[in-house]
S.K.: 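Mind having a look at this structure? Questions to follow.
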Amino acid sequence: MEPFDPYSQNITLLVPSPSTSTPVLVPVPVPIPLIDSFNDETVSITINYGTQLGASITMLLVVLFTTPSSKMLRASNVLHISALVVCVVRTVFLVLYFLSPFSHFYQVWSGDYSQVPAWNYRTSIAGTVFSSLLTVVTDAALMNQAWTMVSLWPSRTKYLLCFLSMLVTLLAVSFRLAFTIIQCKGIYDLVAPTRFAWLIHTTLIFHICSICWFCALFNSKLIIHLVTNRGVLPSRRAMSPMEVLIMANGILMIVPVIFAILEWHHFINFESGSLTPTSVAIALPLGSLAAQRLAQANQSASSDLSSYPSSSAGAAAAYHRHYKNARDSGSRTPLKAASLFSTTTNSSTAAGRPHALAAEASATPSPARDVIDPIDLELRQIDGYLQPKEMRAKAESSESQFHK
């Protein structure tokens with residue numbers, strides 16, 4: 001006779017049988033290990049949702065309080081804020097499921113959900129709908145980022161990439177909406193949509209393809225610069241806001257790719273499906289915030305230039321001549337020489353540039369005006385730092401400084 005193991009014994013529930021006219025209690029044995037596994041998974045999922053909720057609320061507050069009011073209504077900021085708001089609402093609805101009778105002990109193990117209030121069904125369906133809405137909004141934000149990045153590329157390449165991005169996004173969103181309809185019907189019927197397993201797998205495949213596509217697209221410009229210049233990235237102190245933006249948008253997108261791939265396999269006590277759109281909603285504003293902070297610092301430093309109009313123009317012309325020579329000679333330092341917010345001071349010029357340029361710039365007591373390079377002008381589109389009209393005006397003002 002085997003020794004008694006108290007941890008593997010069963011707990012018996014008495015459940016009324018619905019197949020008979022008279023009430024008959026049917027014993028339902030429930031193993032304790034299954035109960036423990038269910039409780040562990042429930043706790044891990046709620047911690048996951050709580051983390052997502054806290055991170056989304058924090059990022060939303062940061063975006064609202066740090067974004068300048070003049071940039072608040074730009075398309076990228078509106079999409080970022082919308083994605084974070086939808087993410088917060090969706091996560092709240094997902095958490096409410098574990099506070100409803102759907103996750104209570106008797107309902108779970110007996111399968112009797114007859115006493116579950118109707119509003120609990122509605123909150124579960126709302127969580128499913130808002131999950132799909134979050135996917136739509138994040139895909140729209142990714143499309144906006146992709147368009148602003150390729151808008152100044154050659155027409156054939158630009159329209160080809162836009163067509164492919166639109167095709168991938170529409171396929172992912174279409175299958176996601178179809179899956180949402182099937183899932184909502186399954187919630188009302190309390191029946192898992194097993195016969196639509198092919199739709200679930202197809203939705204997941206296109207979702208992974210969509211995330212991987214935009215990650216590759218955002219990293220393409222960074223890779224092109226690295227390959228073209230055969231060098232490494234500049235140091236943190238030398239990076240411009242545009243360089244921070246392009247690196248952040250590309251590198252941070254690797255995180256959603258990892259979560260999207262993990263969705264293909266079910267991990268015990270880890271639910272990665274909800275993390276993918278949440279990570280996109282949080283990652284996209286991060287690069288913009290870092291670049292905006294750098295831009296504000298550089299703009300405040302360059303605001304003193306109005307006091308030295310003649311000397312600043314001379315230093316800018318000297319810097320432009322040196323920059324043009326460096327570009328013509330094939331500089332091997334990517335993203336550094338073409339900094340959008342480059343400034344030269346007496347000490348930095350003498351230490352980092354040729355002796356002739358240092359002597360010419362040493363007479364200026366203030367930083368030189370910013371020099372906009374066509375490649376950086378293209379990169380600056382990624383987060384909409386300048387709208388097309390603003391960009392033309394900025395470029396014309398820079399050219400007029402050179403001709404004076």
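We use all heavy atoms of the structure for the numbers below, so side chains are in, but hydrogens, waters and symmetry mates are not. Just so it is clear, the structure is predicted and the values come from calculations on it, not from any experiment.
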S.K.: Kindly give the heavy-atom pair with the smallest separation between Asn48 and Ser274, and that separation in Å.
M.R.: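 That closest heavy-atom pairing would be ND2-OG, 4.4 Å.
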S.K.: Is there a donor-acceptor pair under 3.5 Å between the side chain of Ser82 and the backbone N or O of Leu79?
M.R.: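 Answer holds: no.
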S.K.: To the nearest 0.5 Å, what is the distance between CZ on Phe130 and OG1 on Thr91?
M.R.: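 Going from the CZ atom of Phe130 to the OG1 atom of Thr91 covers 11.0 Å.
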S.K.: Within a strict 4.5 Å, meaning less than it, do heavy atoms of the Phe206 and Val173 side chains meet?
M.R.: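 Of all side-chain heavy-atom pairs linking Val173 with Phe206, none is under 4.5 Å.
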S.K.: Taking all non-hydrogen atoms of both residues into account, name the closest pair between Pro101 and Asn120 and its distance.
M.R.: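 In this case the closest contact between Pro101 and Asn120 is CD-OD1, 3.4 Å.
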S.K.: Under 3.5 Å, sequence neighbours excluded: what are the donor-acceptor pairs made by side chains of residues 107-118?
M.R.:
{"residue": "Ser110", "atom": "OG", "partner": "Tyr106", "partner atom": "O", "Å": "2.4"}
{"residue": "Ser110", "atom": "OG", "partner": "Asp112", "partner atom": "N", "Å": "3.3"}
{"residue": "Asp112", "atom": "OD1", "partner": "Ser114", "partner atom": "N", "Å": "3.2"}
{"residue": "Asp112", "atom": "OD1", "partner": "Ser114", "partner atom": "OG", "Å": "2.8"}
{"residue": "Tyr113", "atom": "OH", "partner": "Gln107", "partner atom": "O", "Å": "3.4"}

S.K.: Counting distance only, does the side-chain N/O of Ser103 pair as donor-acceptor with the main-chain N or O of Ser100 below 3.5 Å?
M.R.: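 Checked: pair present.
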S.K.: Not counting sequence neighbours, which residues clear ring pair (Phe, Tyr, Trp, His ring centres under 6.0 Å) with Tyr121? List them please.
M.R.: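 Once residues adjacent in sequence are excluded, the partners of Tyr121 under the ring pair (Phe, Tyr, Trp, His ring centres under 6.0 Å) criterion are Phe102.
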S.K.: Could you go through the side chain to side chain donor-acceptor pair (under 3.5 Å) check for Arg90 and Thr278 one step at a time?
M.R.: CA-CA 10 Å; Arg90 177 215 62 164; Thr278 301; 2.8 Å; yes
S.K.: Roughly how far, to the nearest 0.5 Å, is CD1 of Ile32 from CD1 of Ile11?
M.R.: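 Taking CD1 in Ile11 and CD1 in Ile32, the distance rounds to 4.5 Å.
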S.K.: Quick check: does any side chain N or O of Ser220 sit under 3.5 Å from a backbone N or O of Leu217, one acting as donor and the other as acceptor?
M.R.: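 Yes, the answer is positive, given that a donor and an acceptor are paired below the 3.5 Å cut-off.
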S.K.: Run the side chain to side chain contact (heavy atoms under 4.5 Å, CB included) check on Met143 and Phe214 step by step: do they pass?
M.R.: CA-CA 8 Å; Met143 279 290 297; Phe214 284 107; 3.8 Å; yes
S.K.: Can you name the closest pair of heavy atoms from Ala260 and Thr276 and give their distance?
M.R.: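 In this case the closest contact between Ala260 and Thr276 is N-OG1, 3.4 Å.
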S.K.: Are any non-hydrogen side-chain atoms of Pro31 and Gln9 less than 4.5 angstrom apart?
M.R.: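 Side-chain contact under 4.5 Å: no.
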S.K.: Taking atom OG1 of Thr169 and atom CH2 of Trp213, what is their separation to the nearest 0.5 Å?
M.R.: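 The OG1 atom of Thr169 sits 10.0 Å away from the CH2 atom of Trp213.
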S.K.: Locate the shortest heavy-atom distance separating Pro285 from Val63; write the atom from each residue and the value.
M.R.: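 Heavy atoms of Pro285 and Val63 come nearest at CB-CG2, 3.8 Å.
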S.K.: With side chain to side chain contact (heavy atoms under 4.5 Å, CB included) as the criterion, how do Phe218 and Leu142 come out once you've worked through the C-alpha distance, each side chain's angles and the decisive distance to 0.1 Å?
M.R.: CA-CA 9 Å; Phe218 292 152; Leu142 291 172; 3.7 Å; yes
S.K.: Does Glu263 reach the side chain of His207, with side-chain heavy atoms less than 4.5 Å apart?
M.R.: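 Yes - at least one pair of side-chain heavy atoms lies under 4.5 Å apart.
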S.K.: Walk me through it: do Leu60 and Ile81 pass the test side chain to side chain contact (heavy atoms under 4.5 Å, CB included)?
M.R.: CA-CA 7 Å; Leu60 178 61; Ile81 294 174; 3.9 Å; yes
S.K.: So which of Asp139, Val137, Leu133 actually passes side chain to side chain contact (heavy atoms under 4.5 Å, CB included) with Thr135?
M.R.: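 Among Asp139, Val137, Leu133, the one meeting side chain to side chain contact (heavy atoms under 4.5 Å, CB included) with Thr135 is Asp139.
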S.K.: Could you tell me which non-hydrogen atom of Ser56 sits nearest to which non-hydrogen atom of Val88, and how far apart they are?
M.R.: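 Looks like CB-CG2, 3.7 Å.
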S.K.: Please test Arg74 against His80 for side chain to side chain contact (heavy atoms under 4.5 Å, CB included), starting from the C-alpha separation and ending with a verdict.
M.R.: CA-CA 10 Å; Arg74 288 184 174 177; His80 294 165; over 6 Å; no
S.K.: Do Cys215 and Ile254 come close enough that some side-chain heavy atom pair is under 4.5 Å?
M.R.: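 Result yes, sub-4.5 Å side-chain heavy-atom pair found.
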S.K.: Before giving the answer on side chain to side chain donor-acceptor pair (under 3.5 Å), spell out for Arg176 and Thr203 the whole-Å C-alpha distance, their side-chain angles and the decisive distance to 0.1 Å.
M.R.: CA-CA 6 Å; Arg176 177 69 188 187; Thr203 302; over 6 Å; no
S.K.: Side chains of Pro27 and Leu13, heavy atoms from C-beta outward: is any pair under 4.5 Å?
M.R.: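 They are not in contact (no side-chain heavy atoms under 4.5 Å apart), so the answer is no.
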S.K.: Rounded to the nearest 0.5 Å, what separation is found between the CG atom of Leu284 and the CG atom of Asn77?
M.R.: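 It is 11.5 Å, given to the nearest 0.5 Å.
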S.K.: Once rounded to the nearest 0.5 Å, what's the spacing between atom OG1 of Thr46 and atom CG of Leu94?
M.R.: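 It is 12.0 Å, given to the nearest 0.5 Å.
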S.K.: Can you check side chain to side chain donor-acceptor pair (under 3.5 Å) on Glu271 and Ser44, steps first, answer last?
M.R.: CA-CA 8 Å; Glu271 195 267 315; Ser44 66; over 6 Å; no
S.K.: Taking the side chain as everything from C-beta on, heavy atoms only, tell me whether Ile125 gets closer than 4.5 Å to Tyr188.
M.R.: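 The answer is yes; the side chains approach within 4.5 Å.
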S.K.: Any chance CZ of Phe4 has more than 12 other-residue heavy atoms, nucleotides or ligands included, within less than 6.0 Å?
M.R.: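 Yes - once you tally the heavy atoms of other residues, nucleotides and ligands closer than 6.0 Å, there are more than 12.
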S.K.: With the side chain counted from C-beta on, respond yes when Ile181 and Leu177 share a heavy-atom pair under 4.5 Å apart, and no when they do not.
M.R.: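 SC-SC contact between Ile181 and Leu177 ruled out.
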S.K.: A quick test of your reading: do over 12 heavy atoms of other residues, nucleotides or ligands sit less than 6.0 Å from CE of Met72?
M.R.: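 Yes, because the 6.0 Å sphere around CE of Met72 holds more than 12 heavy atoms from other groups.
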S.K.: Return yes if some donor-acceptor pair links the side-chain N/O of Asn10 with the main-chain N/O of Thr12 below 3.5 Å, else return no.
M.R.: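 No, Asn10 side chain to Thr12 backbone: no donor-acceptor pair under 3.5 Å.
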S.K.: Report, as yes or no, whether the 6.0 Å neighbourhood of atom OH on Tyr159 holds more than 12 heavy atoms from other residues, nucleotides or ligands.
M.R.: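 Open: at most 12 neighbouring heavy atoms sit under 6.0 Å from OH of Tyr159.
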S.K.: Does a side-chain heavy-atom distance below 4.5 Å link Ile282 with Leu84?
M.R.: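 Yes; the side chains approach each other to less than 4.5 Å.
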S.K.: Nearest 0.5 Å, what's the CD1-OG distance between Ile211 and Ser279?
M.R.: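 Spacing of CD1 (Ile211) from OG (Ser279) equals 7.0 Å.
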S.K.: Kindly give the heavy-atom pair with the smallest separation between Leu170 and Ser174, and that separation in Å.
M.R.: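 Closest approach of Leu170 to Ser174: O-OG, 2.6 Å.
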